[in-house]
Amino acid sequence: MAVVIGLLRRGTMLDLEIFRTTVNCPVVAAALRGQLRARLPRGARISFDLDDCDRVLRVHTPGQPLAVGQVVATLRESGYLCEPLPD
């Protein structure tokens, strides 16, 4: 299980977001991590927890705003559901 610890700074800069996905294969998760790394700010930490019932994707961009729409679009372009989990 991957764990990312960071601060949520709602209302100012959001640098950690947790998503529910339909990704269920480690090989696919690795490929999607590569696609996300190419689109997100340098230093972004991206991890999947495929054992979680929500097949969680965590994206942490320390000190930089996170483009939630870009993450969602990247997974949807590959045919996977991706939506931010509510707080």
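In terms of the side chain to side chain contact (heavy atoms under 4.5 Å, CB included) criterion, residue partners of Asp54 (sequence neighbours excluded) are, by chain and number, Arg20, Asp52, Val56, Leu85. By the side-chain hydrogen bond (donor to acceptor under 3.5 Å, both in side chains) test, Gln70 is found to be paired with no residue, residues two or more places apart in sequence or in another chain being considered.
Leu81 places none of its side-chain heavy atoms less than 4.5 Å from the side chain of Thr21. You'll find the side chain of His60 reaches within 4.5 Å of the side chain of Asp15, heavy atoms only. A heavy-atom distance below 4.5 Å is found between the side chains of Arg55 and Asn24. Looking only at side-chain heavy atoms (C-beta outward), Asp49 and Arg58 come within less than 4.5 Å of each other.
When all heavy atoms of Gly43 and Pro62 are compared, the pair lying nearest together is O-CD, 3.9 Å. Between Pro84 and Glu17 the shortest heavy-atom distance is CB-OE2, 3.8 Å. Counting all heavy atoms, side chain and backbone alike, Leu16 lies closest to Leu66 at C-CD2, 4.5 Å. Heavy atoms only, all atoms of each residue included: Leu50 and Ala29 are closest at CD1-CB, 4.2 Å. In terms of heavy-atom proximity, Cys82 sits nearest to Phe19 at SG-CD2, 3.6 Å.
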Discussion item. If you apply the rule side chain to side chain contact (heavy atoms under 4.5 Å, CB included), what do you find for Ile18 with Leu57, and how did you get there?
Written reply: CA-CA 6 Å; Ile18 301 172; Leu57 165 63; over 6 Å; no

Show me the donor-acceptor pairs within less than 3.5 Å that the side chains of residues 31-41 make with the rest of the protein, sequence neighbours left out.
from: Gln35; atom 1: OE1; to: Ser78; atom 2: OG; distance (Å): 3.4
from: Arg39; atom 1: NH1; to: Thr74; atom 2: OG1; distance (Å): 2.9
from: Arg39; atom 1: NH1; to: Glu77; atom 2: OE1; distance (Å): 3.2
from: Arg39; atom 1: NH2; to: Glu77; atom 2: OE1; distance (Å): 2.9

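In this structure, Thr22 contributes its side chain and Tyr80 its backbone to no donor-acceptor pair below 3.5 Å.
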